[in-house]
Visitor: 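Sharing a structure below in structure tokens format, with a few things to ask.
Every chain is numbered from 1 and lettered A, B, ... according to where its sequence line falls, protein lines coming before strand lines.
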Amino acid sequence: MTKKVAAKKVAKKVSPKKLDSKQQTIESLIELIRITSTVVPNDVFKTIEAAAKNEVKNTTADYAMGIIKQNIDLAKYKSQPLCQDTGTVIFYIYHPPGFHQTPFKELIKKSVTLATKKGYLRQNSVNSLTGENAGTNLGEGHPSIHFYEHKSKEVEVKLVLKGGGCENVSAQYSLPDTGLSAGRDLDGVRKVIIDAIHKAQGKGCGPGALGVCIGGDRADSAYYAKKQLLRKLDDKNPHKDLAALEKDIVETCNKLGIGPMGFGGKTTLLSCKATHANRVPASFFVSISYMCWAFRRQGVVLNKNFAIKKWLY
Amino acid sequence: MKKLNYPFSPEAVRELKVGDMVLITGKLFTGRDAVHKYIHDGNKPPVDLKNQIIYHCGPVTMKDKNGKWTVTAAGPTTSIREEPYQWEVIRDYGIVGVIGKGGMGQKTLDACKEHGCVYFHAIGGAAQVLAEKIKSVDGLYLEEFGLPEAIWELSVEEFPVVVTMDAHGNSLHKEVEASSKEILKTVM
Ligand code: SF4
């Protein structure tokens with residue numbers, strides 16, 4: 001941990017005071033992207049470390065977890081991306097009333113382009129019609145940016161880099177699911193989540209972490225599921241039933257013996273975070289967002305000059 | 001921990017069994033979708049692949065001022081996409097190892113058994129650790145496919161992998177799939 005703190009302090013020192021607010025915003029956002037891409041958040045690190053200790057020594061699972069930990073250390077030390085797939089770039093911005101979203105969006109785009117040039121992000125955005133890669137990580141829908149108004153006077157920026165391999169094993173089920181005997185209740189929800197984990201084995205670079213949404217229409221359900229990835233892995237769901245479901249899913253999935261990378265072993269799932277949204281009587285969707293062990297999420301609070309005031313994870 | 005050193009051979013890889021943790025030292029050739037499709041379409045590979053290992057990887061590479069290449073990130077990519085082609089490449093060009101992630105299917109497993117080849121699983125996402133094991137870039141072929149899709153000839157030292165499909169018809173992926181399915185029935 002000392003390394004991470006040190007790296008941030010150094011970065012702060014070199015930022016000259018006289019930057020205008022635009023330049024300062026860009027600098028802060030690039031630093032946010034750098035840390036997100038190269039350092040796993042503390043809560044994720046602790047969970048991975050505990051999982052690594054839990055594996056039986058000298059097994060392939062132990063070996064895999066050891067290399068994962070080495071990779072985490074090395075990426076931080078070299079300030080290089082944890083994984084070469086730097087994923088879909090997703091920003092969540094919480095701002096006070098009266099904040100101007102459009103100019104901020106432009107600054108985000110600039111920062112993403114610059115961070116790509118610096119190698120913190122891979123040239124990872126492809127036009128779905130032409131197959132063309134502009135090399136900037138900008139394009140239709142990229143980066144993904146969500147704004148929310150909040151009461152605080154400060155601007156908070158959260159960032160998730162969502163890899164492709166784990167996105168490919170993310171899933172959406174429609175209840176009832178007769179094949180799984182999963183009905184329209186919490187037990188049915190539980191069944192489809194466990195099924196998704198079983199199907200994801202060997203893919204998506206496990207051990208993974210889940211964000212789940214119960215209900216909503218197809219689009220909102222997937223969106224809220226992914227947004228659960230913003231929660232710290234060691235937090236507790238205030239909703240009693242959801243907290244119980246989260247615990248049950250992790251315990252049950254870790255009984256499956258799928259293990260890191262699907263090699264067999266004790267840790268198949270690092271965590272599960274669930275929320276719910278209302279649905280219309282005719283539909284009942286359950287969405288599961290699967291995040292690989294290279295769980296890249298960070299956030300910052302900006303001060304009134306748009307310099308980084310505080311790290312959120 | 002076992003070691004596999006260059007030059008590789010079908011005899012040497014037949015010694016390996018599912019679950020073996022192996023450190024590979026020697027030469028690797030990267031090859032992913034475009035390369036496999038190219039060979040499948042009847043084109044001869046630009047390098048002799050006899051007794052060589054193919055790595056399913058699209059590396060992130062950089063050229064320095066003197067024109068020298070280095071690899072800055074080199075994790076494995078999902079192997080199953082090459083399932084339609086891999087067995088042919090094993091049969092026709094004599095590769096003795098495939099490195100990737102996620103495992104492969106029955107056709108590849110059968111070809112491994114028949115011709116003496118194994119599937120090695122690298123740790124997905126471990127781009128930095130794996131890039132560190134690459135000591136030099138010795139060649140670049142089929143550059144026209146784009147840098148991640150080209151064939152890179154790499155020298156590696158103690159490149160860490162796990163045998164998940166051996167040359168005796170065993171697949172760890174099949175085993176884990178079957179055992180987890182049994183447990184699944186009891187917890188659902
Ligand atoms: S699933 Fe995650 S760790 Fe695996 S290759 Fe994709 S981004 Fe990297």
Side-chain angles (χ1 to χ4, degrees), chain A residues 38 58-60 62-78 80-86 119 122-123 133 163-166 168 180-182 187 190-191 194-195 197-198 201-206 252-253 255-265 268 292-294, chain B residues 1 18-23 57-62 71-81 100-104 121-133 146-148 159-165 171-188:
Chain A
T38 61
N58 300 320
T59 56
T60 47
D62 175 45
Y63 186 57
M65 292 308 290
I67 292 176
I68 285 171
K69 275 177 53 193
Q70 271 179 38
N71 196 72
I72 290 172
D73 287 346
L74 198 59
K76 180 156 78 176
Y77 173 72
K78 290 170 74 178
Q80 291 269 353
L82 280 150
C83 176
Q84 73 269 9
D85 182 0
T86 53
R122 179 173 77 173
Q123 301 181 350
N133 186 335
C166 56
N168 291 346
L180 296 169
S181 314
D187 186 56
R190 175 182 181 274
K191 280 183 176 153
I194 298 170
D195 182 65
I197 290 301
H198 185 254
Q201 70 178 281
K203 297 171 220 132
C205 297
T252 307
C253 288
K255 281 186 198 147
L256 295 175
I258 294 167
M261 296 292 133
F263 288 169
T268 300
C292 51
W293 68 260
Chain B
M1 195 70 63
V18 153
D20 282 348
M21 298 168 245
V22 182
L23 297 172
C57 168
V60 181
T61 48
M62 277 187 359
V71 176
T72 55
T77 187
T78 304
S79 298
I80 197 71
R81 291 196 307 268
K101 71 164 177 170
M104 301 189 73
H121 201 301
I123 305 304
Q128 293 307 326
V129 167
L130 297 175
E132 281 262 305
K133 309 293 178 190
L147 294 179
F159 191 90
V161 290
V162 172
V163 176
T164 56
M165 292 161 65
S171 161
L172 183 66
H173 306 284
K174 267 188 170 174
E175 284 170 29
V176 175
E177 164 85 45
S179 62
S180 61
K181 204 169 190 169
E182 282 308 307
I183 303 168
L184 187 68
K185 281 185 207 149
T186 67
V187 299
M188 284 282 238

Visitor: Is K78(A) atom NZ crowded by more than 12 heavy atoms from other residues, nucleotides or ligands, each under 6.0 Å away?
Guide: yes
Visitor: Would the distance check show the side chain of Q128(B) and the main-chain N or O of P81(A) forming a donor-acceptor pair, the cut-off being under 3.5 Å?
Guide: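 Yes, the answer is positive, given that a donor and an acceptor are paired below the 3.5 Å cut-off.
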Visitor: Between E132(B) and chain A, with a heavy-atom cut-off of 4.5 Å, which part of the residue counts as in contact: side chain, backbone, both or neither?
Guide: side chain
Visitor: Quick check on L172(B) against chain A: is it the side chain, the backbone, both or neither that has a heavy atom closer than 4.5 Å?
Guide: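 The side chain, not the backbone.
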Visitor: Name all residues meeting the side chain to side chain contact (heavy atoms under 4.5 Å, CB included) criterion together with L180(A); count only those two or more places apart in sequence or in a different chain, and write none if there are none.
Guide: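 If we apply the side chain to side chain contact (heavy atoms under 4.5 Å, CB included) test to L180(A), skipping adjacent residues, the hits are Y173(A), D177(A), A182(A), V192(A), D195(A), M188(B).
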Visitor: State, yes or no, whether a side-chain contact exists between K101(B) and K203(A) at a heavy-atom distance under 4.5 Å.
Guide: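 No, too far: nothing below the 4.5 Å cut-off.
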Visitor: Counting heavy-atom pairs closer than 4.5 Å to chain B, which one of T252(A), L82(A), D85(A), I68(A) comes out on top?
Guide: L82(A)
Visitor: Non-hydrogen atoms of chain A under 4.5 Å away: do they reach the side chain of V60(B), the backbone, both or neither?
Guide: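 For V60(B), the side chain is the part near chain A, not the backbone.
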Visitor: What's the spacing between I194(A) CD1 and I183(B) CD1 if we round to 0.5 Å?
Guide: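 So the gap between those two atoms works out to 12.0 Å.
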Visitor: Under 4.5 Å from any heavy atom of chain A, what part of V161(B) do you find: side chain, backbone, both or neither?
Guide: backbone
Visitor: Which value, rounded to the nearest 0.5 Å, describes the distance between M21(B) atom CE and D62(A) atom CG?
Guide: 7.5 Å
Visitor: Return the minimal non-hydrogen interatomic distance between N71(A) and A126(B), and the atom names on each side.
Guide: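 Heavy-atom minimum between the residues: OD1-C, 3.1 Å.
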Visitor: With a 4.5 angstrom heavy-atom cut-off, which part of M62(B) approaches chain A: side chain, backbone, both or neither?
Guide: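 For M62(B), neither part sits under 4.5 Å from chain A.
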Visitor: Give me the contact list for residues 74-81 of chain B versus chain A, heavy atoms only, anything under 4.5 Å, ordered by residue number.
Guide: A74(B), G75(B), P76(B)
Visitor: Just checking, is any N or O donor in the side chain of S180(B) or Q201(A) under 3.5 Å from an acceptor N or O on the other one?
Guide: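 Yes, because at least one side-chain N or O of S180(B) sits under 3.5 Å from a partner of the opposite role on Q201(A).
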Visitor: My understanding is that only residues two or more places apart in sequence, or in another chain, count here; which of them pass ring pair (Phe, Tyr, Trp, His ring centres under 6.0 Å) with H173(B)?
Guide: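 By the ring pair (Phe, Tyr, Trp, His ring centres under 6.0 Å) rule, H173(B) matches H121(B).
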Visitor: Let me know if T268(A) has heavy atoms under 4.5 Å from chain B in its side chain, its backbone, both or neither.
Guide: neither
Visitor: Holding to salt bridge (Lys or Arg N to Asp or Glu O under 4.0 Å), I want the full list of residues that pass it with K191(A), two or more places apart in sequence or in another chain.
Guide: D187(A)
Visitor: If I measure from the heavy atoms of chain B, does A75(A) come under 4.5 Å with its side chain, its backbone, both, or neither?
Guide: both
